Structure formats: C-alpha cells, structure tokens
Amino acid sequence: MSEQQPNPYASDPSQGGQPGQSGQGDYRWGPGEASYGYPQPYPAASAYQPTIGGAGFPVPAYGPGGGGAMLSLGDISVVGDQIITPSGSMPLQGSMWNATDFSRTEEKIPTHAIVLAVVFAVFCLLGLLFLLMKEKVTTGYIQVTVTSGGRHHSTMIPAADAHAYAWVMNQVNYARSLSF
C-alpha cells in the first residue's frame with residue numbers, strides 16, 4: 001500500500017487552505033465581472049436623443065414589436081410578433097407559410113413585328129426576319145397562404161414578370177425564418 005502524502009497546497013491562501021484562513025471567502029458563485037465570453041450588461045438609456053443631421057428632428061426609437069412592418073405580402077403584414085391580415089391578427093410563432101405559383105409565361109410574336117414583316121416582305125425578303133422577334137408575357141398570380149393560431153388567410157399577388165415567384169418565395173422563406 002502506498003502512504004498518503006500531505007497536501008502541498010494546504011498553506012497557499014489562493015487555494016483555500018483551512019477554514020478561517022484568508023482566501024476561503026473570496027470565491028463567489030457565477031461570473032463576477034463581465035469579461036470575454038460573458039454577455040456584457042446593457043448600457044443605461046441616455047436622456048439624450050440623437051437627431052438627424054442636427055436639424056432638431058428626433059430619430060424615432062423603435063423597439064421590438066414597434067414601428068413599421070417587417071414584411072408585407074399582398075394584404076398580409078408581419079409586425080413584431082404578430083401577423084396582421086384583414087381577417088384578424090395571428091401569432092407569428094409557429095405559423096405555417098405556403099406559396100403556390102399560378103402564373104404562366106408565354107412567348108409570342110408581337111403585333112408590330114408582324115406588321116413590319118408584311119410591309120418589308122413586299123420590298124425584299126429580309127422583312128421575314130422581323131418574325132424572329134419574340135416577347136415574353138407573364139400572366140396569372142401567386143397565392144400565399146398563412147396558417148397560425150387556428151386561423152387561415154390567403155392572398156393573391158399578381159405576377160408582373162417571370163421572376164415574381166422567386167421574389168415571393170424569398171419573402172415567404174424570410175417569414176418562415178421569423179416564425180421559429
């Protein structure tokens with residue numbers, strides 16, 4: 001068997017030592033001062049309100065849930081932690097968002113190209129090159145639905161061009177990220 005060795009740090013005040021010695025009551029549970037890795041305390045609110053360009057107009061202070069809409073899709077708006085619709089407000093937390101593309105993009109020969117082809121076909125056969133002109137026309141709409149708190153609302157957003165669905169999906173994905 002081995003013989004027990006005495007504690008070499010028993011007399012060191014920084015290690016605690018025996019009760020009653022200095023160093024025993026210095027330790028406090030939890031972080032003491034804010035340091036690297038710990039959250040810094042919030043600064044006290046100052047009474048001074050900054051102004052825009054020194055013109056004397058105060059900057060509006062928007063806190064969480066205040067101010068304008070964070071997101072707006074058709075008649076659906078997200079403000080703070082609420083979804084505002086004409087059928088009433090719903091909680092943002094746990095909401096489900098869906099988007100369906102009911103638009104279509106058609107490619108056709110414009111009317112002015114047909115007129116130019118007929119006019120110039122009389123003079124030379126190069127007028128038929130005007131029939132190669134094409135234009136893309138997008139028609140339809142994109143349906144956005146939101147469900148939350150036992151309520152459901154749907155809105156239609158007109159598709160102005162072929163990239164409208166990508167823009168709406170970016171907005172819907174942002175709303176989905178806010179709902180967690």
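Computed from a prediction, not measured in an experiment: that's the story for all the values here.
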- Item | Residue pair H163, W167: steps toward the side-chain contact (heavy atoms from CB on, under 4.5 Å) verdict | CA-CA 6 Å; H163 305 290; W167 178 81; over 6 Å; no

- Distance (rounded to the nearest 0.5 Å) between K108 NZ and M133 CE: 12.5 Å

- Task: Check the side chains of T155 and D75 for a donor-acceptor pair under 3.5 angstrom, ignoring hydrogens and angles.
- Result: yes

- Message: Testing the basics here: between V172 and A99, what is the closest heavy-atom pair and its distance to 0.1 Å?
- Response: CG2-CB, 4.1 Å

- Mind running side-chain contact (heavy atoms from CB on, under 4.5 Å) on V144 and I157 for me, showing each step along the way? CA-CA 8 Å; V144 176; I157 300 170; 3.8 Å; yes

- To the nearest 0.5 Å, atom OG1 of T85 lies from atom CG of L73 at 12.5 Å

- Could you tell me the separation between the CH2 atom of W97 and the CD1 atom of I76, rounded to the nearest 0.5 Å? 5.0 Å

- How close do R151 and M90 get, heavy atom to heavy atom, and via which atoms? CB-SD, 3.7 Å

- Residues, nucleotides or ligands: over 12 heavy atoms within 6.0 Å of K136 NZ: no

- Message: Heavy-atom count check: over 12 atoms from other residues, nucleotides or ligands less than 6.0 Å from M96 CE?
- Response: no

- Please indicate whether R104 has more than 12 foreign heavy atoms, meaning atoms of other residues, nucleotides or ligands, lying under 6.0 Å from its CZ. no

- Task: Could you tell me which non-hydrogen atom of A113 sits nearest to which non-hydrogen atom of I109, and how far apart they are?
- Result: CB-CG2, 4.0 Å

- Item | Heavy-atom pair with the smallest gap, counting every atom of S95 and V146 | CB-CG2, 4.2 Å

- Query: Quick one: CD1 on I142 to OG on S103, what's the gap to the nearest 0.5 Å?
  - Reply: 5.0 Å

- Message: Less than 4.5 Å apart, side chain to side chain, heavy atoms only: is that true for M70 and L178?
- Response: yes

- Considering non-hydrogen atoms only, spot the tightest contact between H153 and S87 and give its length. ND1-OG, 3.5 Å

- Identify the heavy atoms of A159 and A164 that sit nearest to each other, and give their distance. CA-CB, 4.0 Å

- Message: The criterion is side-chain contact (heavy atoms from CB on, under 4.5 Å); which residues satisfy it with Q143, sequence neighbours excluded?
- Response: T100, F102, T145, S154, M156

- Shared ILVMFWY cluster between V168 and Y174, side chains joined below 4.5 angstrom? yes

- V78 vs L92 side-chain heavy atoms within contact, under 4.5 Å: yes

- In Å and rounded to the nearest 0.5 Å, what is the CG to CG distance from L116 to L128? 12.0 Å

- Item | Between OG on residue S179 and CG on residue D81, distance to nearest 0.5 Å | 12.5 Å

